[in-house]
Amino acid sequence: MRLSKFFMPLLRDDPKEAEIVSHQLMLRSGMIRQASSGIYSWLPLGHKVLRKIEQIVREEQDKAGAIELLMPTIQSADLWRESGRYDVYGKEMLRISDRHDRDMLYGPTNEELITDIFRSAARSYRDVPRILYHIQWKFRDEIRPRFGVMRGREFLMKDSYSFDLTVEGARRSYNKMFVAYLRTFERMGLKSIPMAADTGPIGGDLSHEFIVLAETGESEVFCHRDLIEKTAPEDDIDMDGDLSPILSEWTSKYAATIEKHDKERFEAEVPKKSRISARGIEVGHIFYFGTKYSVPMNCTVQSADGQQVNLECGSYGIGISRLAAAIIEASHDENGIIWPEPVAPFKVGLINLKSGDKATDNACEDLYNRLQNASIEILYDDTDDRAGAKFAAMDLIGLPWQLIVGPRGLKDKLVELKDRRTGKRDSLSLDEAINRLVP
RNA sequence: CGGGGCAUGGCGCAGUCUGGUAGCGCACCUGGUUUGGGACCAGGGGGUCGCAAGUUCGAAUCUUGCUGCCCCGACCA
């Protein structure tokens with residue numbers, strides 16, 4: 001993409017409404033624009049990041065055997081009356097009526113809808129287990145939206161729902177999602193730590209929050225140092241095998257958010273040098289809730305011995321739009337964003353230091369074409385801004401690599417490759433630069 | 001929802017107290033000089049001062065009502 005043809009409105013100053021760094025940087029880098037309180041448009045740069053995150057989540061769900069579908073944003077109130085949640089949910093639920101005065105709502109979550117879908121299709125124990133998921137926008141009319149997309153009213157979520165015949169089966173589904181989540185966040189360059197959590201209004205008795213550590217995170221968390229140093233299971237893990245050892249490995253050490261923190265237990269269980277107290281952001285939440293919806297909504301299958309059995313269920317969320325902000329909170333410096341490569345909107349920013357200079361233009365065009373042909377995502381700053389402005393803009397938007405081309409280096413047939421994270425620059429020939437960028 | 005604050009060009013702000021017909025920096029356009037970390041000079045374009053009613057010869061400024069947005073708290077992926 002040529003910057004001169006792209007749509008990326010940068011701001012030099014922080015808009016005054018932005019309080020936290022991810023919100024400031026998302027606005028300044030032209031990723032998002034506020035439409036109204038807690039509701040955002042995703043501009044091209046932000047949209048690319050959102051899609052990258054979404055795709056990683058999708059791949060890890062698929063790998064765990066979950067099956068993608070898509071449910072609507074607008075739901076009928078009838079299903080919610082059936083589960084009993086219509087009157088319980090409160091003002092967070094955006095209630096609307098259609099032209100026939102039917103009660104509708106913009107879905108804050110989808111347990112009712114998926115249960116309705118599943119009960120109408122599943123007849124036999126052979127139809128389970130299944131994990132179904134979708135990636136869809138949700139709306140919760142928060143009393144006070146804040147921090148940009150970190151706590152918006154409209155947000156993009158991945159939601160999975162598991163259906164099993166038995167409690168043991170439901171635990172296996174839960175374990176799959178648990179492991180999938182570890183891998184998902186690690187692929188995005190994040191350190192996530194599963195922490196025991198309240199089950200909240202959804203109910204149930206087994207639940208973990210996945211917390212990403214970030215200095216500017218919103219909640220205070222406490223955990224054993226070993227958990228920070230742990231890495232997620234490898235790519236070759238058998239998701240259909242017994243995952244419970246991994247679960248115990250990750251849940252046997254102390255980890256709690258401030259809400260669940262037990263200071264005495266923390267100090268009793270964890271040696272002083274291993275105690276971590278930090279800040280974090282909740283990016284995922286998994287629940288096992290048994291028959292909470294399958295009983296009132298009569299979601300059953302027939303078992304091998306001929307009985308009608310209510311299914312054992314769980315739900316598993318990942319805040320996709322929130323992750324974009326969480327990644328920035330965890331990865332930035334005073335100059336701007338530092339994208340981990342797997343979620344970067346482009347891999348490389350090509351900086352032409354002297355547009356209009358023939359040798360420089362030619363070298364840039366050559367690099368641009370060759371990298372494009374190698375399927376490298378590249379943003380070419382071909383504008384006639386001054387060098388300093390281009391450096392500042394490229395640092396702000398945080399592409400992992402900057403390829404810097406100017407007359408000074410070209411005299412010796414060299415260009416510079418700068419690593420955004422470390423700031424390290426290497427002078428290389430054009431061919432070497434390309435070899436470094438093409439895997 | 002309780003408490004506090006803000007609303008003036010794309011962004012950041014001054015002007016409001018003390019009423020006289022709108023200004024600054026950045027950004028944008030034109031020309032020139034520049035050109036490796038947010039250049040300089042000159043000349044331009046862009047604003048029903050959130051909305052409505054009122055007071056007044058005259059309202060960004062005073063009064064009343066409304067709306068939107070932000071911050072703290074309670075709540076939350």
Side-chain angles (χ1 to χ4, degrees), chain A residues 9-20 23-24 27-28 30 33-39 57 89-93 107-110 135-160 181 192 197-202 207-212 218-219 257 259 280-287 315-326 334-336 351-357 360 381 383-396 402 404-411 414-416 418 423 425 427:
Chain A
L10 302 184
L11 299 176
R12 185 156 176 166
D13 303 308
D14 287 323
K16 65 178 172 182
E17 71 268 19
E19 195 75 5
I20 62 167
H23 191 195
Q24 292 168 345
L27 288 168
R28 285 188 54 207
R33 187 149 291 189
Q34 181 166 318
S36 67
S37 180
I39 301 178
V57 171
Y89 216 92
K91 289 190 166 179
E92 275 194 357
M93 184 153 75
T109 184
N110 293 75
I135 295 173
Q136 177 63 289
W137 293 90
K138 293 181 161 185
F139 192 91
R140 289 185 194 167
D141 199 357
E142 297 287 345
I143 296 168
R144 181 151 91 89
R146 60 184 125 172
F147 304 147
V149 299
M150 188 76 83
R151 191 172 307 160
R153 292 195 291 173
E154 189 183 51
F155 51 97
L156 186 61
M157 288 271 298
K158 185 285 299 176
D159 280 290
S160 308
Y181 277 32
S192 77
D198 279 325
T199 52
I202 291 184
S207 174
H208 286 90
E209 289 181 12
F210 285 74
I211 300 286
V212 160
E218 48 180 344
S219 47
T257 61
E259 295 82 16
I281 300 163
E282 182 183 349
V283 291
H285 203 157
I286 60 180
F287 299 89
S315 75
Y316 316 88
I318 291 180
I320 292 188
S321 47
R322 165 180 279 195
L323 268 169
E334 64 281 4
N335 296 317
I351 300 179
N352 183 333
L353 288 179
K354 194 168 184 180
S355 295
D357 175 83
T360 311
D381 189 345
T383 65
D384 53 10
D385 274 339
R386 301 170 62 80
K390 291 187 178 189
F391 287 133
M394 209 54 95
D395 284 349
L396 173 63
Q402 295 174 16
I404 301 164
V405 181
R408 196 199 281 174
L410 284 177
K411 271 192 308 212
L414 294 175
V415 296
E416 280 177 84
K418 173 180 158 182
R425 293 165 178 243
S427 284

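Naming: A, B, ... by sequence-line order, numbering from 1 per chain.
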Just to be sure I understand the rule, does [X] reach a base, reach only the sugar-phosphate, or reach nothing, if contact means heavy atoms closer than 4.0 Å?
X: A:Gly152; value: base
X: A:Lys418; value: base
X: A:Ser36; value: sugar-phosphate
X: A:Gly406; value: base
X: A:Gly284; value: nothing

How close or far is atom [atom2] of [N] from atom [atom1] of [X], stated in whole angstroms?
X: A:Glu17; N: B:rC13; atom1: CD; atom2: C1'; value: 14 Å
X: A:Leu396; N: B:rC11; atom1: CG; atom2: P; value: 17 Å
X: A:Asp13; N: B:rG38; atom1: CG; atom2: P; value: 16 Å
X: A:Glu92; N: B:rA74; atom1: CD; atom2: C1'; value: 12 Å
X: A:Met150; N: B:rC71; atom1: CE; atom2: C1'; value: 17 Å
X: A:Glu142; N: B:rC1; atom1: CD; atom2: P; value: 15 Å
X: A:Leu11; N: B:rC28; atom1: CG; atom2: P; value: 12 Å
X: A:Glu19; N: B:rG5; atom1: CD; atom2: P; value: 17 Å

Sort me out a list of protein N/O and nucleotides 29-35 of chain B N/O pairs below 3.5 Å, or just none if empty.
{"unit_1": "B:rU34", "atom_1": "O2", "unit_2": "A:Arg386", "atom_2": "NH1", "d": "2.8"}

Candidate pair A:Glu92 and A:Glu142, rule side-chain contact (heavy atoms from CB on, under 4.5 Å), full reasoning: CA-CA 6 Å; A:Glu92 275 194 357; A:Glu142 297 287 345; 3.8 Å; yes
Both A:Ala393 and A:Lys91 contact RNA chain B. Which one's nearest nucleotide lies toward the 5' end? A:Lys91
Could you say whether A:Phe147 or A:Arg322 is positioned toward the 5' end of RNA chain B, judged by the nucleotide with the nearest heavy atom to each? A:Phe147
Side-chain N,O ([X]) to OP1/OP2 ([N]) below 4.0 Å:
X: A:Arg146; N: B:rG73; answer: yes
X: A:Gln34; N: B:rG68; answer: no
X: A:Ser37; N: B:rC70; answer: yes

Go ahead and name the base partner of [N]; Watson-Crick or wobble counts if both distances stay under 3.5 Å, otherwise write none.
N: B:rA52; value: B:rU64
N: B:rU33; value: B:rA39
N: B:rG46; value: none
N: B:rC69; value: B:rG5
N: B:rC26; value: B:rG10
N: B:rU16; value: none

In whole Å, measure the gap between the [atom1] atoms of [N] and [M] for me.
N: B:rU61; M: B:rC17; atom1: P; answer: 9 Å
N: B:rG2; M: B:rG65; atom1: C1'; answer: 22 Å
N: B:rU30; M: B:rU67; atom1: P; answer: 44 Å
N: B:rG10; M: B:rG32; atom1: C1'; answer: 27 Å
N: B:rU56; M: B:rC51; atom1: P; answer: 23 Å
N: B:rA74; M: B:rG4; atom1: C1'; answer: 16 Å
N: B:rA39; M: B:rU21; atom1: P; answer: 37 Å
N: B:rC11; M: B:rC28; atom1: P; answer: 15 Å

For [X] and [Y], which heavy atoms make the closest approach, and how far apart are they?
X: A:Leu396; Y: A:Leu10; result: CD2-CD2, 4.3 Å
X: A:Ala325; Y: A:Met150; result: CB-CE, 4.0 Å
X: A:Ala18; Y: A:His23; result: CA-ND1, 3.4 Å
X: A:Ile318; Y: A:Val57; result: CD1-CG1, 4.1 Å
X: A:Gly284; Y: A:Tyr181; result: CA-CE2, 4.2 Å

Side chain of A:Ser315, backbone of A:Phe287: donor and acceptor closer than 3.5 Å?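 No; judged by distance alone, with no hydrogens or angles, the pair does not exist.
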Quick check: does any side chain N or O of A:Arg140 sit under 3.5 Å from a backbone N or O of A:Pro108, one acting as donor and the other as acceptor?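 At least one qualifying donor-acceptor pair exists.
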Out of B:rG38, B:rC70, B:rA74, whichever nucleotide has its closest atom nearest the side chain of A:Arg144: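 For A:Arg144, the side-chain atoms sit closest to B:rA74.
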side-chain contact (heavy atoms from CB on, under 4.5 Å), that's the test. Do A:Lys418 and A:Ile351 meet it? Break it down for me. CA-CA 11 Å; A:Lys418 173 180 158 182; A:Ile351 300 179; over 6 Å; no
Check if the side chain of [X] and the base of [N] share a donor-acceptor pair of N or O atoms closer than 3.5 Å.
X: A:Asp14; N: B:rG12; result: no
X: A:Arg425; N: B:rG37; result: yes
X: A:Lys16; N: B:rG5; result: no
X: A:Arg151; N: B:rC76; result: yes
X: A:Arg28; N: B:rG10; result: no

Checking side chain to side chain contact (heavy atoms under 4.5 Å, CB included) against A:Lys390, which of A:Asp395, A:Asn352, A:Asp384 comes through? A:Asn352
Under the side-chain contact (heavy atoms from CB on, under 4.5 Å) test, which residues partner A:Met157, sequence neighbours left out?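 A:Lys138, A:Phe155, A:Asp159.
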